[in-house]
Protein chains: 2
Amino acid sequence: MKQMTTRENLLDALVPTAFITMAAMNKIGAEKDLSLTLMRVLGILRDRRPRMAELAQHLGLKKSTMSGLIDRAEQRGLVARAPNAVDERAIDVFMTPAGAALVEELHEQVQQALAPLTDRLNAADQRLLADLLERMLAFPKV
Amino acid sequence: MKQMTTRENLLDALVPTAFITMAAMNKIGAEKDLSLTLMRVLGILRDRRPRMAELAQHLGLKKSTMSGLIDRAEQRGLVARAPNAVDERAIDVFMTPAGAALVEELHEQVQQALAPLTDRLNAADQRLLADLLERMLAFPKV
DNA sequence: TATTGTTATACTCTATAACTATA
DNA sequence: TATAGTTATAGAGTATAACAATA
């Protein structure tokens, strides 16, 4: 039996958790033709109004990729573009009411989908887990 | 301020954690031209020798998607195919030594990449977090 | 000159559909 | 008949490169 460090152990729990969480979101998104990336964008737009380049950098994508992604989301009425007030080169992106409604619906569905996992922990442990994760992330918005 | 349930709070920590973990893995994989899906496949093949259809079902992908994915991985010498011993229709997939070496290298790099996050917790909290996650997953292999 | 965003092009990942071979 | 796997084809997501407009 190979000796594992504490950090290694944590990684071996974190990675499967991430894959399972993403798989659940991917499945729910697929029913509405939403990619994980677009769901992440919608999550960001819940409380921000970034410009294209900010969004691209935050997601680790190229500007050209953002253009295509936002094009498709805009055509579907989920997000909209508007010129930035101070920099005439820049374009702000924000959510439409339809997009906001969709995001809340997704949120609910993801919660339902992951309930079989999360509910293996009692309420106190759920709070403890949420607290540890938040401390680990030092909570930058995703 | 909207009232949130314990489960909702947990979800709002879990989803960003998953996105950040996936982003780190995606970035590391990209340097070696490995998609998240292929990394997940390699992770599975560390200790299993599934047939094509099993792999597809486990990942939530179509058989045709698996064919392409395994084709490319096989051409790169990371995995190999062999006929199943008992069912002549079936094909088993397994890792090559090169694939196994790559997986260990990736594992190390992901650990390094996430260290800035995980090390915000002390060793005791890291153990506690790993334990909670493992209990939540009831540890099915991913 | 550098930055913001878009367009054109190419490749990977994915699904659907049609097919062959075996159970 | 049903299942295992492959091939052909098409669409979404991504990157690179070239471009226009503004800083």
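A, B, ... follow the sequence lines: proteins, then strands. Residue 1 opens every chain.
Across the protein-nucleic acid pair, A:Leu69 atom CG and C:dC13 atom P stand 18 Å apart, rounded to whole Å. A straight line from CD1 of A:Ile91 to C1' of C:dT7 spans 15 Å, rounded to a whole angstrom. Distance B:Met22 CE to C:dC13 P: 16 Å, rounded to the nearest Å. The distance from atom CG of B:Leu59 to atom C1' of C:dC13 is 13 Å, rounded to the nearest whole Å. Rounding to whole angstrom units, CE of residue B:Met66 and C1' of C:dT14 are separated by 12 Å. What separates CG of A:Asp71 from P of D:dA12 is a distance of 12 Å, to the nearest Å. The CG-P distance, from A:Asp92 to C:dT4, rounds to 13 Å in whole Å. Separating the CD1 atom of B:Ile70 from the P atom of C:dT14 is a distance of 11 Å, rounded to the nearest angstrom.
For the pair B:Arg120 and B:Asp125, the salt-bridge criterion is not met [side-chain N within less than 4.0 Å of a carboxylate O]. Under a 4.0 Å N-O distance rule, the pair A:Arg51/A:Asp92 does not qualify as a salt bridge. Note on A:Arg127 versus A:Asp131: no salt bridge recorded, every NZ/NE/NH1/NH2 to OD/OE distance being 4.0 Å or above.
Close to D:dG5, at under 4.0 Å from its OP1 or OP2, lies no side-chain N or O of B:Arg51. B:Arg40 has no side-chain polar atom (N or O) that falls below the 4.0 Å cut-off from OP1 or OP2 of C:dC13. Close to D:dT14, at under 4.0 Å from its OP1 or OP2, lies no side-chain N or O of A:Thr65. A:Arg72 has no side-chain polar atom (N or O) that falls below the 4.0 Å cut-off from OP1 or OP2 of D:dT14.
Comparing D:dA15, C:dG5, C:dT16 against the side chain of A:Lys62 picks out D:dA15 as the nearest. Among the nucleotides C:dT6, D:dA15, C:dG5, the one closest to the side chain of A:Ala90 is C:dG5. Comparing D:dA15, C:dT4, C:dT7 against the side chain of A:Ala53 picks out C:dT4 as the nearest. Closest approach to the A:Lys63 side chain among D:dT22, C:dT6, D:dT6 is made by C:dT6 (side chain taken as heavy atoms from C-beta onward).
Counting any heavy atom pair closer than 4.0 Å across all strands shown, B:Asn84 reaches no nucleic acid atom.
With sequence neighbours excluded, the residues that form a side chain to side chain contact (heavy atoms under 4.5 Å, CB included) with A:Asn26 are A:Leu36.
The residue among A:Arg89 and A:Ser64 whose nearest nucleotide of DNA chain C lies closer to the 5′ end is A:Arg89. Residues A:Gly68 and A:Asp87 both approach DNA chain D. Their nearest nucleotides, taken by heavy-atom distance, put A:Gly68 toward the 5′ side.
Using a distance-only test at 3.5 Å, with no hydrogens or angles considered, no donor-acceptor pair links the side chain of A:Glu74 to the main chain of A:Ala80. B:Thr96 contributes a side-chain N or O that, together with a main-chain N or O of B:Gly77, makes up a donor-acceptor pair within less than 3.5 Å.
Within residues 25-37 of chain B, the residues approaching DNA chain C are B:Ser35, B:Thr37, by heavy-atom distance under 4.0 Å.
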Quick one: side chains of residues 107-119 of chain B, donor-acceptor pairs under 3.5 Å with protein atoms, not counting sequence neighbours, listed by atom name and distance.
unit_1, atom_1, unit_2, atom_2, d
B:His107, NE2, A:Asp12, OD1, 2.8
B:Glu108, OE2, B:Gln112, NE2, 2.9
B:Gln109, OE1, B:Lys32, NZ, 3.0
B:Thr118, OG1, B:Leu114, O, 3.3
B:Thr118, OG1, B:Ala115, O, 3.4
B:Asp119, OD2, A:Arg7, NH1, 3.1

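You'll find the side chain of A:Met66 reaches within 4.5 Å of the side chain of A:Leu59, heavy atoms only.
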